[in-house]
Number of protein chains: 2
Amino acid sequence: MLHITRRGDYAIRGMVYLAGQPADKVTLLGDMAAAVEASPAILAKIFQHLSKVGLVSSYRGTGGGFVLGRPAEAITLLEIVEAVEGPIILNRCLIAKGTCGRDSFCPVHPVWGRVQEKMRSMLGEYTLKDLAGK
Amino acid sequence: MLHITRRGDYAIRGMVYLAGQPADKVTLLGDMAAAVEASPAILAKIFQHLSKVGLVSSYRGTGGGFVLGRPAEAITLLEIVEAVEGPIILNRCLIAKGTCGRDSFCPVHPVWGRVQEKMRSMLGEYTLKDLAGK
DNA sequence: CCATATAAGACCTTTTTGATCCTATATTGC
DNA sequence: GCAATATAGGATCAAAAAGGTCTTATATGG
Ligand code: SF4
Ligand code: SF4
């Protein structure tokens, strides 16, 4: 239905929050969840994945929590969205050449390609630094 | 997951096909379904709806079928997609002011608005005439 | 060794999507 | 009028995705 999921939105909320914290403060999941108004359980899932991908670093045990995996100015909205939701693909003919079969002659195929690339490039222009306003 | 549905794609396929036919030829559902490689049953559903919205005109009985509801140059990709899938809304805060609650201070909110509008305007630029190449 | 805090995965419910089937209704031609 | 044709409309069903909860590891610091 052409919209990002809650997971994607929660991920962005959390990442913007982390970017707004002091540079290498280790943030508790619970604090972050409260601040971004999301369930700790679901935010945990999301950030476990962001950790695996390297967008955040995580520390277990007492004094553990999450920190940005890179400087805020080196993380874009696009990366966060695609890390959580998978690559932005507007129509299935853009998954790979031949997925649709009509792509060689379909006049609409290139349109989706253009719209998709514009969208990705726009999202790629915004960094966490821009969004956290620091 | 940020992609159009099959219904949307089938609708576009069918509309492009109609636009490629002689101006006021009444096209059989079955012919259209065969040409666009979609099940007649599902294409029927889709075009019933497009008919209700006025994007096509339909005629029942012998010699019946579908015709574009307006000249091909007056129907855009955006209209077809939104007729079938509902309005393009990238994040729920864009449904209406206040749907999210954080929209008044959220730094990401305006970004989604900008991306969404760009996307809609791009899709609004392509007409069936462009796509059918007539 | 104990309290803390994330990692990982199982599990469940609801919503959306994709698809089919059956019956009704309108139109044409005989 | 009647039969053949073709869309309208609704009921129904299965599969997939999304949203969310819970339980059990595992690592860390004191
Ligand atoms: S836009 Fe054209 S190529 Fe892409 S999925 Fe639709 S029919 Fe296939
Ligand atoms: S982008 Fe901001 S305003 Fe929009 S839904 Fe997410 S948190 Fe709410």
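In the text below, chain A, chain B and the rest are named by the order of the sequence lines, each starting its count at 1.
Between B:Leu128 and B:Val16, the closest side-chain pair of non-hydrogen atoms falls below 4.5 Å. Residues A:Leu77 and A:Met15 fail the side-chain proximity criterion, which asks for heavy atoms closer than 4.5 Å. Residues B:Val111 and A:Leu131 meet the side-chain proximity criterion, which asks for heavy atoms closer than 4.5 Å.
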CA sep, side-chain torsions, deciding dist, call: A:Phe66, A:Leu50, side-chain contact (heavy atoms from CB on, under 4.5 Å): CA-CA 10 Å; A:Phe66 296 93; A:Leu50 291 179; over 6 Å; no
Before giving the answer on side-chain contact (heavy atoms from CB on, under 4.5 Å), spell out for A:Leu90 and A:Leu2 the whole-Å C-alpha distance, their side-chain angles and the decisive distance to 0.1 Å. CA-CA 8 Å; A:Leu90 291 187; A:Leu2 219 47; 4.1 Å; yes
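Salt-bridge annotation for B:Arg114 and A:Glu125: absent, with no side-chain N of the basic residue lying under 4.0 Å from a carboxylate O of the acidic one. By the 4.0 Å N-to-carboxylate-O rule, B:Arg13 lies too far from B:Glu37 to be salt-bridged with it.
At a threshold of 4.5 Å between side-chain heavy atoms, the hydrophobic network of Ile, Leu, Val, Met, Phe, Trp and Tyr places B:Ile88 and A:Ile89 in one connected group. Connection of A:Met119 to B:Met122 is established within a shared hydrophobic cluster, with ILVMFWY side chains joined at heavy-atom distances below 4.5 Å, either directly or through further cluster members. A single hydrophobic cluster is not seen to contain both A:Tyr10 and A:Val53; linkage of ILVMFWY side chains at heavy-atom distances under 4.5 Å, directly or through other members, places them apart. At a threshold of 4.5 Å between side-chain heavy atoms, the hydrophobic network of Ile, Leu, Val, Met, Phe, Trp and Tyr places B:Val36 and B:Ile42 in one connected group. Cluster annotation: B:Trp112 is connected to B:Ile95 through the hydrophobic network of ILVMFWY side chains, with a link wherever side-chain heavy atoms come within less than 4.5 Å.
Distance B:Asp9 CG to C:dT17 C1': 14 Å, rounded to the nearest Å. Summarising the geometry, the separation between CG on A:Leu43 and P on C:dA7 is reported as 11 Å, rounded to the nearest angstrom. Between B:His49 atom NE2 and D:dT7 atom C1' there is a gap of 16 Å when expressed in whole angstrom units. Rounded to whole Å, the distance from OH on B:Tyr10 to P on C:dA19 is 5 Å. Atom CZ in A:Arg7 sits about 16 Å away from atom P in C:dT14, given to the nearest Å. Regarding B:Ile46, its CD1 atom lies at a distance of 14 Å from the P atom of D:dT7, rounded to whole Å. Nucleotide C:dG18 holds its C1' atom 11 Å from the CZ atom of A:Arg92, rounded to whole Å. Rounded to an integer number of Å, the gap from NE2 of A:His3 to P of C:dT15 is 13 Å.
Each of D:dG19, C:dT28, C:dT20 was ranked by its minimum atom distance to the side chain of B:Ile42; first place goes to C:dT20. The B:Arg6 side chain lies nearest to C:dG18 when the options are D:dA18, C:dG18, C:dT4.
Toward the 5′ end of DNA chain C lies the nearest nucleotide of A:Ser57, the other residue of the pair A:Ser57 and A:Met1 mapping further downstream. Comparing A:Thr5 and A:Thr62, the nucleotide of DNA chain D nearest to each residue sits closer to the 5' end for A:Thr5.
Dashed line: the shortest gap from a side-chain N or O of B:Ser39 to OP1 or OP2 of C:dG18 is not under 4.0 Å.
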Pairwise N/O distances under 3.5 Å, protein to nucleotides 8-14 of chain D:
residue	atom	partner	partner atom	Å
D:dA8	OP1	B:Ser58	OG	2.4
D:dA8	O4'	B:Arg60	NH1	3.2
D:dG9	N7	B:Lys45	NZ	3.4
D:dG9	N7	B:Gln48	OE1	3.2
D:dG9	N7	B:Gln48	NE2	3.2
D:dG10	N7	B:Lys45	NZ	3.0
D:dG10	O6	B:Lys45	NZ	3.1

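Annotation: the terminal axes of the helix from C:dC1-D:dG30 to C:dC30-D:dG1 meet at 10°, where each axis is the rotation carrying the C1' atoms of four end pairs onto the next four (5 pairs per end, rounded to 10°).
Using a 4.0 Å cutoff on non-hydrogen atoms, the parts of residues 26-38 of chain A near DNA chain C are A:Leu28, A:Leu29, ordered by number.
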